[in-house]
Protein chains: 2
Amino acid sequence: MAAHVKELSNPDRSAESLGDAAYRQMKERIIRGVYRPGHKLTVRAVAQELDVSTTPARDAINRLASEAALVYAGPKTVVVPVLDADALKEITLIRLALEGLAAQQAGEHVADDDVEALGLLQKQINSALDAGRYADALWHNKEFHFAIYRLAKLPHLVLMIETLWLRIGPSLHNLYPEFAKERFGVHNHEVAMEALQERDGASVRAAIENDIRDGYRRLKRACREKATLHVA
Amino acid sequence: MAAHVKELSNPDRSAESLGDAAYRQMKERIIRGVYRPGHKLTVRAVAQELDVSTTPARDAINRLASEAALVYAGPKTVVVPVLDADALKEITLIRLALEGLAAQQAGEHVADDDVEALGLLQKQINSALDAGRYADALWHNKEFHFAIYRLAKLPHLVLMIETLWLRIGPSLHNLYPEFAKERFGVHNHEVAMEALQERDGASVRAAIENDIRDGYRRLKRACREKATLHVA
DNA sequence: CTGATATTTTTGTTGCAACAAAAATGTAAA
DNA sequence: TTTACATTTTTGTTGCAACAAAAATATCAG
């Protein structure tokens, strides 16, 4: 493995090992919802899918499992996690703490052109929603959040938040289109951008916390419905 | 890799792969201060040290690097991280958020015999300090903190806090004995235990936050002294 | 059809050798 | 001594085969 610089998300893909590349591609697939909760991942299948040998594939799977982006369903079975109500609640608590912190700090380091860039991202979310491209909307939503978090200039924090999104990402994709149709988060995002413009850290935090809580409520409902469906 | 159950820190060492064992042993060595900041770790050296082949050794190093417990100083050079002032400040911010959350939640799930167990751990810290066994004091200090955090019944949170301690652990060992001599943290720990007994989550959080901030102040001073020493 | 049991297949792990790239070392010129 | 360059050594990576263990499948008794 050879990332050289873990600090910044540097797209220096020139001297990247196969293991690093596999890890990065798997991460993107997980967030993009290619793998659904419960999906089983085997070393050889991933190796074939990514066109590498078993060693880099194993590297990637092990790293993701070590970050809890994948979990063990048995001694030799790694799957995309299926979040139960407790796990969902816990991760939401942690998200509120970490993303709230990042949002607040962002409000104190923001520059004017940063907010413009955010407005552009929001427009991408909106047009994706208009066109019914819900997976794209979810992806741009992720970019919007992380664009804010990166403003905090706290690289360790951003990395930790990324591991959290990796854990809930697959479950998020179980919600749309029903849930994406109601233009989720749009209002909270607008409030956050206004607060950023005024450099009001506390308000940025409040807006982001609201967004997280809104998502949690919908996710919890979906989780309940699925559970009752599974029983019946 | 075969941990089966990542959720709880289950000492089920029976069906543990060599890679898992290597990872666990390396983690303990890092926290115990066996490796100092800047120490270079090579696959073959670790393999020999742990008496395994290169594959499990490489697994362990890669997993630790992926969690930022080890960092790259070059394309083929992983070292124990040397925290600069910025990184120290950032990690402290994150610690305050996560360990504060864990402490508060612990205050709301604590049982009576839990506090007794904590008192025992504190006694171990004290006798280690009395005997001048500072490395042991640091170890018991870690156990004290995590005994509290585990009371929160939030396994994901505890795991995330562990990765933070892994990052600052090596730097902590650069401080004693000077810093351990002043019985660091003893007062904060006593306040925390009192607050736990009264199930006062907010006060538990305050005590732990105080403890973290005290440690930060000392660490920062040491970091400054070392920097000026390095220049001179 | 159900449940337990035996069989077959699949799967993660491990050690290792070859390779390319980086780091360490040595050398010489200024 | 210092700097730049060439050489040697060390190092991470990668693919692969063998192995043991687990998972999937087939079989059969009730």
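Here the structure is a predicted model, which means the values were calculated and not measured. Just so it is clear: chains get the letters A, B, ... in the order the sequence lines come, proteins before strands, and each one is counted from 1.
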Nearest-nucleotide comparison on DNA chain D, the residue closer to the 5′ end among Leu41(B) and Lys40(A):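 It is Leu41(B), whose closest nucleotide lies nearer the 5' terminus.
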
Leu50(B): partners by side chain to side chain contact (heavy atoms under 4.5 Å, CB included), with sequence neighbours left out: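 Here the qualifying residues are Ala22(B), Gln25(B), Met26(B), Arg29(B), Val46(B), Val52(B).
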
Short side-chain donor-acceptor distance under 3.5 Å, Trp139(B) and Gln124(B):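 Checked: Gln124(B)/Trp139(B) side chains show no N/O donor-acceptor pair below 3.5 Å.
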
Minimum heavy-atom distance between Asn141(A) and Ile125(A), given as atom pair plus value: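 In terms of heavy atoms, the two residues are closest at CA-CD1, 3.7 Å.
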
Heavy-atom pair of closest approach, residues Pro81(A) and Arg167(A):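 Looks like CG-O, 4.3 Å.
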
In whole angstroms, how far is the [atom2] atom of [N] from the [atom1] atom of [X]?
| X | N | atom1 | atom2 | result |
| --- | --- | --- | --- | --- |
| Glu16(B) | dA21(D) | CD | C1' | 16 Å |
| Gln48(B) | dT10(D) | CD | P | 13 Å |
| Ile61(B) | dG12(D) | CD1 | P | 6 Å |
| Asp59(A) | dT14(C) | CG | P | 13 Å |

Parallel, tilted or perpendicular, as decided by the 30° and 60° cut-offs, for the rings of His39(B) and Tyr35(B):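 Tyr35(B) vs His39(B) ring planes: tilted.
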
Heavy-atom donor-acceptor pair, Glu90(B) side chain to Leu157(A) backbone, under 3.5 Å: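 Yes.
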
Between the protein and nucleotides 15-20 of chain C, which nitrogen or oxygen pairs are less than 3.5 angstrom apart?
from, atom 1, to, atom 2, distance (Å)
dG15(C), OP2, Ser53(B), N, 3.1
dG15(C), OP2, Ser53(B), OG, 2.7
dG15(C), O5', Ser53(B), OG, 3.3
dG15(C), N7, Thr55(B), OG1, 2.5
dC16(C), N4, Thr55(B), OG1, 3.4

Shortest side-chain distance from Ser17(A), nucleotide among dT14(D), dA23(C), dA22(D):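 Among dT14(D), dA23(C), dA22(D), the one nearest the side chain of Ser17(A) is dT14(D).
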
